[in-house]
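Worksheet: the structure to be examined is printed underneath.
Proteins come first, then strands; the chains are lettered A, B, ... in the order of their sequence lines, and each starts at number 1.
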Number of protein chains: 2
Amino acid sequence: MLKEERHNYILNEVRIRNRVLLTDISKKLDVSEDTIRRDLNHLDEQGKIKKVHGGAISSSFHLYSYREDQIYAHESKSVIAEKAIKLIQDDSVLLMSGGTTNLEVARLLPDDKRITVFTPSLPVAMQLLVHPLIETIFIGGRLSKDAQIALGGEAIRTLSQLKADLCFMGTGNLELAAGLTEFDWEVVQLKKAMLDSSKRMVVLTISEKINSSQRFNVCPTSSIHTLITELSPTSEMLKSFVEKGLEIL
Amino acid sequence: MLKEERHNYILNEVRIRNRVLLTDISKKLDVSEDTIRRDLNHLDEQGKIKKVHGGAISSSFHLYSYREDQIYAHESKSVIAEKAIKLIQDDSVLLMSGGTTNLEVARLLPDDKRITVFTPSLPVAMQLLVHPLIETIFIGGRLSKDAQIALGGEAIRTLSQLKADLCFMGTGNLELAAGLTEFDWEVVQLKKAMLDSSKRMVVLTISEKINSSQRFNVCPTSSIHTLITELSPTSEMLKSFVEKGLEIL
DNA sequence: TAAAATTCTGTAAAATCGTGCAAATACGTT
DNA sequence: AACGTATTTGCACGATTTTACAGAATTTTA
């Protein structure tokens, strides 16, 4: 394994998780801890990461900050991402929202898939650029500091010109009766536009976010074609959604 | 086996796998490691790949990456960024291109400045989000893997609706007679549009990039209002630009 | 404060690199 | 065909880089 590969791997991990443990990387990449330590120090000198005792953390931004309870969630998101990726056909047009689950999708996309992806999410776009065959189009607009996505009229106008084959919608709030909801009014507008701009709406969410709702409504449950969670489709929790006619993966 | 065949094979491997090992190619193509080494060095000089110890990786990975010769350059870029930031007035609208110098500007911007910034650069936008009072608007479009900026008609259309107070244009190529030039045709189009969308054009470049030119022309030297380098305005090297009527900082 | 984990420093082995050189090959000219 | 020139390739050898290991020093944790 090349040194630069390790560096890329580490930077990627830091970008996604906002932290890495030295021992974890050492085990994962099967090289000595000394080597990883040298790597981390090297990347720190370049200002790419911040070396701390026992590992490293992101040096710049803190949206996807680390919390104990999110470590477990990350595993689930990988499972969801794997399922989602299977839906993508070659030469199709994909629309991806923001959020950590979609970021995981972007990270895990195979390098030999040739697709076009539209996204208003800065981290997702950044991640997509890594893949050689993927054409990435950023949906511009005023950037939200919190979500690191483009919002507002400009973004919605761009979306109105588009009809994607597939839309991967990451969300924190899905409930049977209320449907898809959001806290932020502007995000609601954007997500509505995304819904209108795609033939098939796929919602990606971890099970713990199901059955919670926010104050503004994006769309009813019936507007969603497919729901992907880390659970098995036969899970008790998802029963009511199956009855509503949703495809569960 | 022809040299060109090897080169094509290597480029393809890098494109698909994002990396190659020198020993692997040597064995696979049944030529000596020295020959492959020469091939890799050659392709690196052309900027097609990035040669590293033990093999090579995709060059697009490493736009904003560390190189021996860029360590010194980074100091200069900080100096340039500091000078540029002094030009920014509160409540003004700024347009920033991509490149490492602008990234440095974005990094060093004071947190108490309240401005609006338009940019087509992913890394610059990412960095701007860190500052609480800065409103960032991303100029969307098809993303270039190399430069990590939005290009194409969509980006240019957005720019046409805009008139910024100030434009910070990072460049690698400035020459007295040829003016501002670029290697990539699409980048030229974008930079032309940026020029048209701003009242004052400020070019940021380190002195070592002055007096080099590429094949396509963005604008003549006379279209540039201000030039910022790490050198003193009285420097011998900049004399001819002063005579052309440029403000030097 | 003591134990555990992590870091730092030096070292040695292995892998990789750069350079000079000579043989082989291709190319153009007479 | 014969010749001179340029390019390409493989090999040798010293220099450099990378890596793992060991032991002392430091930081963290309980």
Side-chain angles (χ1 to χ4, degrees), chain A residues 1-59 62 65-72 74, chain B residues 1-15 17-59 61-62 64-74:
Chain A
M1 166 161 249
L2 296 172
K3 191 170 70 157
E4 278 68 18
E5 283 184 275
R6 289 200 312 272
H7 286 187
N8 284 332
Y9 174 85
I10 293 168
L11 288 174
N12 221 354
E13 286 295 303
V14 169
R15 185 157 60 199
I16 289 167
R17 284 179 232 264
N18 247 17
R19 70 142 205 180
V20 291
L21 296 184
L22 194 145
T23 49
D24 280 357
I25 312 175
S26 168
K27 260 179 269 176
K28 184 89 174 181
L29 303 185
D30 199 33
V31 285
S32 79
E33 296 194 355
D34 298 82
T35 301
I36 301 299
R37 203 188 318 285
R38 272 183 291 256
D39 288 339
L40 295 181
N41 285 333
H42 204 204
L43 290 169
D44 181 71
E45 280 167 30
Q46 295 171 37
K48 303 267 188 74
I49 62 174
K50 181 153 168 51
K51 174 86 183 67
V52 295
H53 195 94
I57 58 173
S58 165
S59 60
H62 311 267
S65 70
Y66 157 79
R67 275 193 248 135
E68 293 298 333
D69 59 340
Q70 287 185 359
I71 291 296
Y72 164 75
H74 186 264
Chain B
M1 163 159 253
L2 294 173
K3 193 166 72 158
E4 310 304 330
E5 287 182 276
R6 288 200 313 272
H7 285 189
N8 284 335
Y9 174 83
I10 292 169
L11 287 174
N12 199 41
E13 283 294 302
V14 170
R15 195 171 62 88
R17 301 187 202 292
N18 270 336
R19 66 149 233 195
V20 290
L21 297 184
L22 195 146
T23 49
D24 280 359
I25 313 175
S26 168
K27 261 179 265 175
K28 185 88 175 180
L29 303 185
D30 199 35
V31 284
S32 79
E33 297 195 355
D34 299 82
T35 301
I36 301 299
R37 204 189 318 284
R38 272 184 286 254
D39 288 340
L40 295 182
N41 284 333
H42 201 228
L43 291 169
D44 181 69
E45 280 167 29
Q46 293 174 17
K48 304 271 188 70
I49 61 174
K50 168 99 182 92
K51 173 89 182 68
V52 297
H53 196 94
I57 59 175
S58 167
S59 60
F61 265 14
H62 276 247
Y64 296 123
S65 78
Y66 159 84
R67 281 209 186 163
E68 302 300 333
D69 57 341
Q70 288 185 1
I71 284 292
Y72 162 76
H74 187 263

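Summary of the strand contacts: B:Glu33 and A:Ser32 both lie near DNA chain D, and taking for each the nucleotide with the nearest heavy atom, the more 5' one is attributed to B:Glu33. Nearer to the 5' terminus of DNA chain D, by closest-nucleotide assignment, is the contact made by A:Met1 (compared with the other of A:His53 and A:Met1). Along DNA chain C, the nucleotide nearest to A:Asp34 and the one nearest to A:Thr23 differ in position, and the one closer to the 5' end is contacted by A:Thr23.
Of the side-chain N and O atoms in B:Thr35, none sit less than 4.0 angstrom from OP1 or OP2 of D:dT9. Contact annotation: A:Arg37 does not reach the phosphate of D:dC21 (side-chain N/O to OP1 or OP2, under 4.0 Å). Between B:Lys3 and D:dT9 there is no side-chain N or O to OP1 or OP2 distance below 4.0 Å. Within the structure, every side-chain polar atom (N or O) of A:Asn41 is placed at least 4.0 Å from both OP1 and OP2 of C:dT7.
Distance B:Glu4 CD to D:dT8 C1': 12 Å, rounded to the nearest Å. Taking atom CG of B:Asp24 as the reference point, atom P of C:dA15 lies 14 Å away to the nearest angstrom. Put simply, NZ on A:Lys27 is 11 Å from P on C:dA5, counting in whole angstrom units. The nearest whole Å value for the distance from the CD1 atom in A:Ile36 to the P atom in C:dA5 is 19 Å. Between the P atom of C:dT6 and the CG atom of A:Leu40 lies a distance of 13 Å, rounded to the nearest Å. Between the C1' atom of D:dT19 and the CD1 atom of A:Ile25 lies a distance of 17 Å, rounded to the nearest Å. Note: NZ (B:Lys51) to C1' (D:dT18) measures 13 Å, nearest angstrom. When the P atom of D:dT17 is taken as reference, atom CG of A:Asp39 falls 16 Å away, rounded to whole Å.
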Chi angles and distances behind the side chain to side chain contact (heavy atoms under 4.5 Å, CB included) call for B:Tyr9, B:Lys28
CA-CA 10 Å; B:Tyr9 174 83; B:Lys28 185 88 175 180; 3.2 Å; yes
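Taking CD of B:Glu13 as the start and CG of B:Leu21 as the end, the distance is 10.5 Å to the nearest 0.5 Å. Taken from CG in A:Asp39 to CG in A:Leu22, the straight-line distance is 9.0 Å, to the nearest 0.5 Å.
Judged by atom type and distance alone, B:Arg38 reaches the base of D:dG10 through a side-chain donor-acceptor pair under 3.5 Å.
Taking a 6.0 Å sphere around NE2 of B:His7, one finds it holds more than 12 heavy atoms contributed by other residues, nucleotides or ligands.
Screening A:Asn41, A:Leu40, A:Asp34, A:Ile36 against A:Arg38 for a side-chain contact (heavy atoms from CB on, under 4.5 Å) leaves a single residue, A:Asp34.
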